[in-house]
Protein chains: 2
Amino acid sequence: MTTKPDGEEVIFEQPCPIRDVLDRIGNQWSLLILEALAPGTLRFNALMREIGDISKQMLSRTLKQLEQDGFITRTLYPEVPPRVEYTLTPLGHSFLEPMQRLVNWADTHHHAIVAARARYQAENDQA
Amino acid sequence: MTTKPDGEEVIFEQPCPIRDVLDRIGNQWSLLILEALAPGTLRFNALMREIGDISKQMLSRTLKQLEQDGFITRTLYPEVPPRVEYTLTPLGHSFLEPMQRLVNWADTHHHAIVAARARYQAENDQA
DNA sequence: CAGGATCCTCACAGATACTG
DNA sequence: CAGTATCTGTGAGGATCCTG
């Protein structure tokens, strides 16, 4: 997907913005980070505690991605010990709105999904 | 994550509905399938053509997942050659609404993300 | 036509250890 | 405190072949 058969580099790999965006923010870590930052600025370790079961590396990587994509800003205070604060950008905030709708949907319909799974299971158990 | 240290089975693995839901529908294939089915019923190969670059296996797997979770229904017509139709359930339809918001957001802000990436790149190239 | 079974691989994510 | 470097496994996903 990154190179054509003839080896020529492909510049525009994302003809579809939806895929592009989903590739970045489609994973739970990105979402959870953005949610964690919704109330306000947080430091690195504070984020770790907030999310709970994310490794330092994944947090670091995902934060960098989010920064690259313009969802958050990273502010380094050159103190000792160092302090780094992460904040949502306007873009990040604007993303939260449609995201919140999805989260609400998930909350509302979660039971229906669980029920559907149980039903499916039951139907296939009596085989 | 599937078993506790002592080997006891963990029944409730998803204390957080958001994670649970996102795990299922967070991948691009699920989304693209749901989008493809939004206008109406489609058959297996029609779905393949619609989505474009999905393998039979992934399509098959993802469809089964979506069926299990109650997003779509699978209808087999016992003909020769066989015909299978996939349709959104009410649950699947209801999901499309918040999803559409997200897609719209992606469309609207895609350029901003691309710009942010370019800016980030530029800043780090002059190192 | 609509998939199941099988094999493969490579990119993502975890753990650990080191650094400014 | 806030990361990076390295190493390793795990499993998502592709390719191919086979079947009802």
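Chain letters run A, B, ... following the sequence lines, proteins first and then strands; every chain starts at 1. All figures in this text were calculated on a predicted structure; none of them were measured in a lab.
- Atom P of nucleotide dG4(C) and atom CD of Gln65(B) are separated by 13 Å, given to the nearest angstrom.
- As a whole-Å value, the separation of Ile51(A) CD1 from dA2(D) P is 14 Å.
- Minimum atom distance to the side chain of Ser60(A) is reached by dT4(D), of the listed dA2(C), dT4(D), dA2(D).
- Separation of atoms CD (Glu50(A)) and CD1 (Ile33(A)) is listed at 11.5 Å; rounding is to 0.5 Å.
- Each of Asn45(A) and Lys56(B) was matched to the nucleotide of DNA chain D holding its nearest heavy atom; the match closer to the 5' end belongs to Asn45(A).
- In this structure, of dA2(D), dG14(D), dA2(C), it is dA2(C) that holds the atom nearest to the side chain of Arg74(B).
- Nearest nucleotide to the Lys64(B) side chain, out of dA2(D), dG4(C), dA2(C): dG4(C).
- Residue contacts shown for Arg61(B) include a base, since a base heavy atom lies under 4.0 Å away.
- Aromatic ring pairs are classed by plane angle as parallel below 30°, tilted from 30° to 60° and perpendicular above 60°; the pair Trp105(A) and Phe95(B) is perpendicular.
- Nucleotide dA13(C) holds its C1' atom 13 Å from the CG atom of Leu59(A), rounded to whole Å.
- For the pairing with Ile72(A), the side-chain contact (heavy atoms from CB on, under 4.5 Å) check across Leu91(A), Thr87(A), Leu37(A) returns one residue only, Leu37(A).
- Remark: side-chain polar atoms of Asp69(A) are not paired, donor with acceptor, to backbone N or O of Phe71(A) under 3.5 angstrom.
- In the set dG13(D), dG14(C), dC1(C), dG14(C) carries the atom at the smallest distance from any side-chain atom of Gln57(A).
- Closest contact between the side chain of Arg43(A) and the listed nucleotides dC1(C), dG3(C), dC1(D) involves dC1(D).
- Distance from the side chain of Ser55(B) is smallest for dG14(D) among the nucleotides dG14(C), dG20(C), dG14(D).
- At a threshold of 4.0 angstrom between heavy atoms, the contacts of Tyr86(B) are confined to the sugar-phosphate backbone, with no base atom among them.
- Nearer the 5' end of DNA chain D, as judged by each residue's closest nucleotide, is the contact made by Ala46(A), out of Gln28(B) and Ala46(A).
- Per the geometry, CG belonging to Leu76(A) stands 15 Å off C1' belonging to dT4(D), to the nearest Å.
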